[in-house]
2 protein chains.
Amino acid sequence: MKKYFSILYRSAAENFLAGLKPENRHAKKAAKIFLLQTALMSSRTRVTIRDIAREAGVSTATVSRVMNNPDTVSRRTLETVNAVIARHGYLSDGIAVSLALARTLTIGVVIPTITNSIYAASTQAIQGAARAAGYTVLLGVSEFSPTTEDQLIRQLLKRRVDGLILTGVERSSEIYESIGAARIPFVVTWKQADAAAGMASVSFDNYQGARLAMSHLVELGHRRIGLVCGRSKLNDRARERRRAYQDVMREIGTDVRHDWVHEADFDHAEGRRAMQKLLAAPSRPTAVFCANDIQAIGALFECQEQGIEVPGQISIVGFDDVPAAQYVRPQLTTIRVPAQAMGEIAAKRLLEAIDRRGEPVGQTLPVELVVRGTTRQAQD
Amino acid sequence: MKKYFSILYRSAAENFLAGLKPENRHAKKAAKIFLLQTALMSSRTRVTIRDIAREAGVSTATVSRVMNNPDTVSRRTLETVNAVIARHGYLSDGIAVSLALARTLTIGVVIPTITNSIYAASTQAIQGAARAAGYTVLLGVSEFSPTTEDQLIRQLLKRRVDGLILTGVERSSEIYESIGAARIPFVVTWKQADAAAGMASVSFDNYQGARLAMSHLVELGHRRIGLVCGRSKLNDRARERRRAYQDVMREIGTDVRHDWVHEADFDHAEGRRAMQKLLAAPSRPTAVFCANDIQAIGALFECQEQGIEVPGQISIVGFDDVPAAQYVRPQLTTIRVPAQAMGEIAAKRLLEAIDRRGEPVGQTLPVELVVRGTTRQAQD
DNA sequence: TTCAAAAAAGGAACCGGTTACATTTGATCG
DNA sequence: CGATCAAATGTAACCGGTTCCTTTTTTGAA
């Protein structure tokens with residue numbers, strides 16, 4: 001069947017060629033191109049709007065109207081065209097539409113990792129909100145590398161996403177310039193942006209959250225408190241949390257010993273290692289604030305491995321409230337972060353901004369201390 | 001500055017209009033359009049290949065060559081053009097490129113959920129492999145709904161992804177037709193495809209994995225074994241695992257009581273509920289096979305809540321080996337699934353297929369029983 | 001029945017790139 | 001020094017839609 005058509009088309013073109021006056025160079029060229037096209041036609045099944053138009057006996061403009069402004073088309077035409085569309089299962093080509101409209105109905109999302117379920121939760125929420133509005137998500141995972149993140153964002157801009165949702169505010173100014181040049185709105189999540197910087201964030205307050213965790217320990221009578229957190233050089237969320245730790249320690253008048261503070265990557269092994277060092281410190285802390293649950297769980301494991309009772313001998317507070325925080329025994333005391341709400345709201349704010357071609361409006365969401373089983377009154 | 005240009009352009013256009021003979025309608029129209037364009041130009045900063053070409057004093061073809069085939073361009077021209085490109089930070093428009101080349105450098109990935117870390121792991125692996133090859137991932141999350149999945153796939157096809165990675169094989173034949181019509185390769189993950197169906201899968205064997213889990217229990221002397229699994233109506237992975245359960249039960253000559261089998265959604269709460277029912281069964285099983293770790297962990301929690309010792313009074317085997325399986329106490333005995341390798345290989349196979357415009361080649365990966373703390377010799 | 005106004009449909013420019021083919025430039029050689 | 005051929009560049013068609021503007025058809029009132 002397909003072959004048959006191919007032959008049909010080809011011979012039509014050849015006839016056309018043969019019938020030409022030799023001097024008619026331009027037409028000859030056109031015919032050649034026609035031949036090329038029809039040769040391709042046999043391999044490409046893709047139905048275009050012109051095919052539909054031809055078969056329905058209308059112009060492409062009308063087909064387009066049928067699909068996008070049906071009420072500007074007469075009932076009769078509407079039916080005819082829709083029938084042809086249905087017969088072929090025709091779907092308009094999103095790429096061509098994007099080019100013509102200068103809108104891709106796509107938003108870009110860049111996160112550091114997806115395997116930490118807390119990011120998965122916010123990403124899933126973004127996804128849901130985007131889909132509801134007819135948008136698709138282009139996902140980039142930076143694996144905590146600023147260079148990778150830059151590349152990803154550039155790639156997304158090249159794909160002309162209509163908007164961006166980023167994690168944290170810290171990145172090269174060139175990238176911010178590129179985003180600016182693309183003239184698309186973006187919102188930052190997981191970290192509040194300085195209002196001054198003129199960017200919108202939908203986030204919670206990392207600093208206050210961390211203070212909440214620290215205050216809890218302090219109220220339980222802990223004074224010698226250790227810290228495990230992410231790489232504050234690469235990660236502005238970790239930096240905020242660390243700052244809160246340091247402030248609270250200063251306020252309670254405890255000198256922070258440098259072997260009480262450990263920065264580590266986001267996995268359990270690293271959390272364990274950090275806890276090892278804390279336990280080996282000459283003046284062992286009575287409590288540890290782990291600036292994320294992944295590390296907190298690793299730390300908890302290390303204690304259990306070494307036979308150190310949690311919370312009997314050492315208290316642990318995490319941050320994030322990942323689902324796993326409830327599975328470990330004892331269950332982890334932690335700071336609950338509104339990951340899902342944040343994702344959903346961020347997406348909504350972004351889509352609004354895209355709609356009205358304005359700046360997205362930011363928002364700060366509350367965090368909450370969830371007291372479970374890994375913290376107890378200091379015995380010391 | 002921008003304004004200045006705008007005025008410049010505008011007056012040029014107006015001069016052009018003014019100089020026209022009134023009868024030259026066509027040219028007049030063209031001039032109008034020119035005006036429109038330049039009006040837009042002031043608001044749109046987007047630099048196009050024509051801007052670069054004009055400024056460098058070459059044709060757009062040459063600019064395109066500079067970017068894609070630099071060795072076909074003379075050294076001098078190359079330098080000139082590259083300088084202009086750099087000056088403007090020009091990035092070619094991916095949408096236009098896609099339209100011209102009929103390739104989007106994009107692959108679509110559809111998964112049921114991202115919050116189950118096992119899917120996150122494979123997705124992240126796909127992401128990594130795609131990025132390494134210059135591809136971007138368009139992610140769709142179906143939330144276990146076949147309708148949503150259909151919509152997502154259709155959306156991806158509309159965006160003209162160059163290939164698809166899907167979860168499981170079971171979906172409407174219309175969707176498979178649509179994919180076929182789009183003439184793009186796809187690979188199925190998480191479930192082996194029938195070779196006969198002519199589709200490639202990069203997966204492990206759910207059935208054998210489930211048998212492995214069941215055999216482990218049987219070898220420990222368990223005969224009264226319960227099952228908790230996903231909705232086998234909606235989920236072909238769950239169905240395979242259930243089939244293995246039933247086959248093994250038949251082989252050991254135990255009649256499966258219907259209150260030993262519970263299908264549930266993929267969350268802990270549902271796992272707990274299922275376990276509640278199992279524990280309440282008149283003839284309580286001595287072991288439970290949970291066809292995924294999320295449910296297994298929920299089940300374990302329920303036991304602990306009710307003061308039923310695991311594995312003392314009841315053994316539990318999970319499936320997937322999510323990271324959380326190691327956090328719970330006792331640690332979960334489970335089947336380790338090669339999520340990361342699967343994602344990576346699936347992406348590679350797909351990209352190969354895209355490259356050579358052929359069918360992807362499938363592959364089956366091994367699963368492994370990981371014996372931890374939730375299983376023990378039957379006491380019965 | 002006639003004619004103006006409204007509704008429907010069509011023609012073609014346009015989005016921003018790529019590339020086949022044509023043309024120009026430059027180098028080489030008899 | 002002109003012919004020849006390769007290298008470099010330009011021209012314009014093309015990808016598959018949308019939409020402005022124009023033309024044609026229909027409607028409805030006079």
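Order of the sequence lines sets the chain letters (A, B, ...), proteins ahead of strands, with each chain counted from 1.
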Whichever of B:T60 and A:A96 has the more 5' nearest nucleotide on DNA chain D, that residue is B:T60
Rounded to whole Å, the CG-C1' distance (B:L91 to C:dG17) equals 14 Å
Atom CZ of A:R50 and atom P of D:dT18 are separated, to the nearest Å, by 11 Å
Separation of D:dC15 atom C1' from A:D93 atom CG, nearest Å, is 9 Å
side-chain contact (heavy atoms from CB on, under 4.5 Å) filter on B:R65, not counting sequence neighbours, yields B:A61, B:T62, B:T72, B:V73
Donor-acceptor pair, side chain of A:T106 and main chain of A:T104, under 3.5 angstrom: yes
A:E149 meets the side chain to side chain donor-acceptor pair (under 3.5 Å) criterion, sequence neighbours left out, with A:R171
Separation of D:dG16 atom C1' from A:I95 atom CD1, nearest Å, is 11 Å
Using a cut-off of strictly less than 4.0 Å, decide whether B:Y90 has a side-chain nitrogen or oxygen near OP1 or OP2 of C:dG16. no
Sorted by chain and residue number, the salt bridge (Lys or Arg N to Asp or Glu O under 4.0 Å) partners of A:E359 (sequence neighbours excluded) come out as none
**Prompt:** According to a strict under-4.0 Å criterion, is A:T48 in side-chain N/O contact with OP1 or OP2 of D:dG16?
**Reply:** no
The ring pair (Phe, Tyr, Trp, His ring centres under 6.0 Å) partners of B:Y135 (sequence neighbours excluded) come to none
Of C:dG16, D:dG17, D:dT18, the nucleotide closest to the side chain of A:S64 is D:dT18
Review point. Does a sphere of radius 6.0 Å around CZ in A:R356 hold more than 12 heavy atoms from other residues, nucleotides or ligands, not counting ones at 6.0 Å or beyond?
Key: yes
Axis-to-axis angle for the helix from C:dT1-D:dA30 to C:dG30-D:dC1, ends of five pairs each, to 10°, equals 50°
With sequence neighbours left out, the residues meeting salt bridge (Lys or Arg N to Asp or Glu O under 4.0 Å) with B:K158 are none
Those residues at least two apart in sequence (or on a different chain) that pass side chain to side chain donor-acceptor pair (under 3.5 Å) with B:E79 are none
Under the side chain to side chain contact (heavy atoms under 4.5 Å, CB included) rule, what do A:L350 and A:I107 come out as? Steps first, then yes or no, please.
-> CA-CA 9 Å; A:L350 181 68; A:I107 65 176; 3.9 Å; yes
Looking only at C:dT18, D:dC15, D:dG17, the nucleotide nearest the B:I49 side chain is C:dT18
In B/S/- notation (B base, S sugar-phosphate only, - none; protein heavy atoms under 4.0 Å), nucleotides 4-9 of chain D written 5' to 3' is ----SB
For B:R154, the side chain to side chain donor-acceptor pair (under 3.5 Å) test, sequence neighbours excluded, returns B:S178
From CZ of B:R103 across to P of C:dT18 the rounded distance in Å is 12 Å
#### Entry: Heavy-atom donor-acceptor pair, B:R46 side-chain to C:dG16 base, under 3.5 Å
no
Q) Within the structure shown, what part of the strands sits under 4.0 Å from A:A61 by heavy-atom distance: base, sugar-phosphate, or nothing? A) base
With sequence neighbours left out, the residues meeting side chain to side chain donor-acceptor pair (under 3.5 Å) with B:S172 are B:D150
Between the protein and nucleotides 24-26 of chain D, list the N/O to N/O atom pairs that are separated by less than 3.5 angstrom.
none

| task | Identify whether any heavy atom of B:L101 sits under 4.0 Å from a base atom; if not, whether one sits that close to sugar-phosphate; answer base, sugar-phosphate or nothing. | result | sugar-phosphate
From CD1 of A:I52 across to P of D:dT18 the rounded distance in Å is 12 Å
Across all chains, not counting sequence neighbours, the side-chain contact (heavy atoms from CB on, under 4.5 Å) partners of B:T167 are B:I111, B:P112, B:Y119, B:T189, B:W190, B:R237
Atom CG of B:L99 and atom C1' of D:dT18 are separated, to the nearest Å, by 13 Å
Taken to the nearest whole Å, CG/B:N69 to P/C:dT18 is 10 Å
